[in-house]
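Have a look at the structure below before the remarks.
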Amino acid sequence: MANIQSILLADLPETFVTRRIPEAALEFGGIKGDRHFGITSKADSRQPMYARGTEILNRRQITIVSEEDLAQIARELEIEKVLPEWLGANLLVKGYPELTKLTLGSRILFPSGAGLICMGENMPCTLPGEEIQKHYEHHAKLATRFVKAGYKRRGIVCAVERPGIIHETDEVQILVNDYSNPMQ
């Protein structure tokens with residue numbers, strides 16, 4: 001079990017930075033209005049097996065980070081805090097310290113019946129590091145240092161498996177996919 005601490009939305013076209021909202025309607029495709037909303041997306045550098053711009057399944061509909069992972073990143077970067085907004089996260093959870101290690105195919109279930117399926121680790125890159133750097137101008141090279149600090153701590157990407165309303169205070173059930181006996 002884990003608790004939702006924040007729900008966030010990236011709805012400004014010029015930035016990936018998110019803002020907090022008290023609740024959201026999860027739809028097939030994510031949260032309507034979010035920059036990553038959609039059942040499909042265009043292939044980019046994360047999918048080198050496809051020509052850039054090819055329409056593919058959107059595996060990044062929802063991004064989730066944990067308070068515990070963000071605190072560890074901040075300690076490693078020697079800064080006070082890392083906010084989920086700076087990473088473009090849609091959900092901040094507390095109570096599941098190794099969220100980033102959640103296996104592909106694991107499920108996150110909400111009290112409303114909404115469900116997410118884990119599509120894998122959200123690999124760290126310099127873009128969120130540049131956002132962190134804006135808030136700590138006197139700390140050197142945070143953009144590049146974030147990539148190392150965020151490795152295996154950057155959170156996960158998910159797809160909506162079942163639509164529903166989610167709230168900031170929801171307690172969620174996390175069902176870990178065991179590869180030796182996988183959930184279908």
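In this text the structure is predicted, and so the values were computed from the model without any measurement.
Here the CE-CG distance, from Met119 to Leu102, works out to 13.0 Å after rounding to the nearest 0.5 Å. In this structure, CD1 in Ile156 is found 9.5 Å from OG in Ser66, a value given to the nearest 0.5 Å. Taking CE of Met1 as the reference point, atom CD of Glu171 lies at 4.5 Å (rounded to 0.5 Å). From Leu104, atom CG reaches atom SG of Cys158 across 10.0 Å, with rounding to the nearest 0.5 Å. Here Leu70 contributes atom CG and Arg154 contributes atom CZ; the two are 9.0 Å apart, rounded to the nearest 0.5 Å. One distance of note links CG of Leu109 with CG of Leu116; it measures 8.5 Å at 0.5 Å rounding.
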Atom pairs and distances, side-chain donor-acceptor, residues 48-55, under 3.5 Å, sequence neighbours left out:
unit_1 : atom_1 : unit_2 : atom_2 : d
Thr54  : OG1    : Ala51  : O      : 2.6
Glu55  : OE2    : Thr40  : OG1    : 2.7

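Applying the salt bridge (charged side-chain N to carboxylate O under 4.0 Å, His left out) test to pairs two or more places apart or on separate chains, those with a residue in residues 68-84 are Glu76-Arg153. Evaluation of the ring-ring contact (aromatic ring centres under 6.0 Å, His included) test over residues 145-184, restricted to residues two or more places apart or in two chains, returns none. Sorted by first then second residue, the ring-ring contact (aromatic ring centres under 6.0 Å, His included) pairs that include residues 4-32, not counting sequence neighbours, number zero. Listed by first and then second residue, the salt bridge (charged side-chain N to carboxylate O under 4.0 Å, His left out) pairs involving residues 25-42 are Glu27-Lys32 (not counting sequence neighbours). Residue pairs meeting the salt bridge (charged side-chain N to carboxylate O under 4.0 Å, His left out) criterion with at least one member in residues 113-137, sequence neighbours excluded: Glu121-Lys152, Glu131-Lys134.
Checking each of Ile62, Thr63, Val65, Ile31 against Leu91 for a side-chain contact (heavy atoms from CB on, under 4.5 Å) leaves exactly one that passes, namely Ile62.
Ring pair His135/Trp86 is parallel by interplanar angle, where below 30° counts as parallel and above 60° as perpendicular.
Looking at Pro84 and Gln5, their side chains never come closer than 4.5 Å, going by heavy atoms from C-beta outward. In this structure, Arg46 and Arg59 have side chains that are not in contact, with every pair of non-hydrogen atoms separated by 4.5 Å or more. The closest side-chain heavy-atom distance from Ile132 to Leu87 is below 4.5 Å.
There is a path of hydrophobic side-chain contacts, each under 4.5 Å, that joins Leu99 to Ile166. When hydrophobic clusters are built by joining Ile, Leu, Val, Met, Phe, Trp and Tyr residues whose side-chain heavy atoms come closer than 4.5 Å, directly or via intermediates, Leu77 is grouped together with Tyr136. Criterion: ILVMFWY side-chain heavy atoms under 4.5 Å apart, direct or through other members. Under it, Ile7 and Val160 are part of a common hydrophobic cluster. Residues Val157 and Leu92 fall into different hydrophobic clusters, defined by Ile, Leu, Val, Met, Phe, Trp and Tyr side chains chained together at heavy-atom separations under 4.5 Å.
Smallest separation of non-hydrogen atoms from Thr15 and Val17: OG1-N, 3.0 Å. Here the shortest heavy-atom pairing between Ala114 and Leu26 reads CB-CD1, 4.1 Å.
With sequence neighbours excluded, the residues forming a side-chain contact (heavy atoms from CB on, under 4.5 Å) with Thr144 are Thr126, Lys141, listed by chain and number. Residues passing the side-chain contact (heavy atoms from CB on, under 4.5 Å) test with Ala2 are Val93, Tyr96, Val172, Ile174, sequence neighbours excluded. Residues that satisfy the side chain to side chain donor-acceptor pair (under 3.5 Å) test with Asp178, not counting sequence neighbours, are Ser180. Legend: residues meeting side-chain contact (heavy atoms from CB on, under 4.5 Å) with Glu161, ordered by chain and number and at least two apart, are Arg107, Ile117. Evaluation of the side-chain contact (heavy atoms from CB on, under 4.5 Å) rule for Thr18 yields Leu8, Ala10, Glu85 as partners, not counting sequence neighbours. In this structure, the salt bridge (Lys or Arg N to Asp or Glu O under 4.0 Å) partners of Glu98, at least two apart in sequence or on a different chain, are Lys101.
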Please assess Ile4 against Phe110 for the test side chain to side chain contact (heavy atoms under 4.5 Å, CB included), listing each intermediate value before the final yes or no. CA-CA 10 Å; Ile4 301 298; Phe110 294 82; 4.0 Å; yes
Hey, mind stepping through Glu168 and Glu23 against side chain to side chain contact (heavy atoms under 4.5 Å, CB included) and telling me if it holds? CA-CA 6 Å; Glu168 196 171 51; Glu23 66 178 33; over 6 Å; no
Would you please test Val176 and Thr103 for side chain to side chain contact (heavy atoms under 4.5 Å, CB included) and show each step? CA-CA 7 Å; Val176 178; Thr103 53; 3.9 Å; yes
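In terms of modelled atom types and a separation under 3.5 Å, the side chain of Asn58 and the main chain of Ser41 share no donor-acceptor contact. The backbone N or O of Leu142 lies less than 3.5 Å from a partner atom in the side chain of Gln133, making a donor-acceptor pair.
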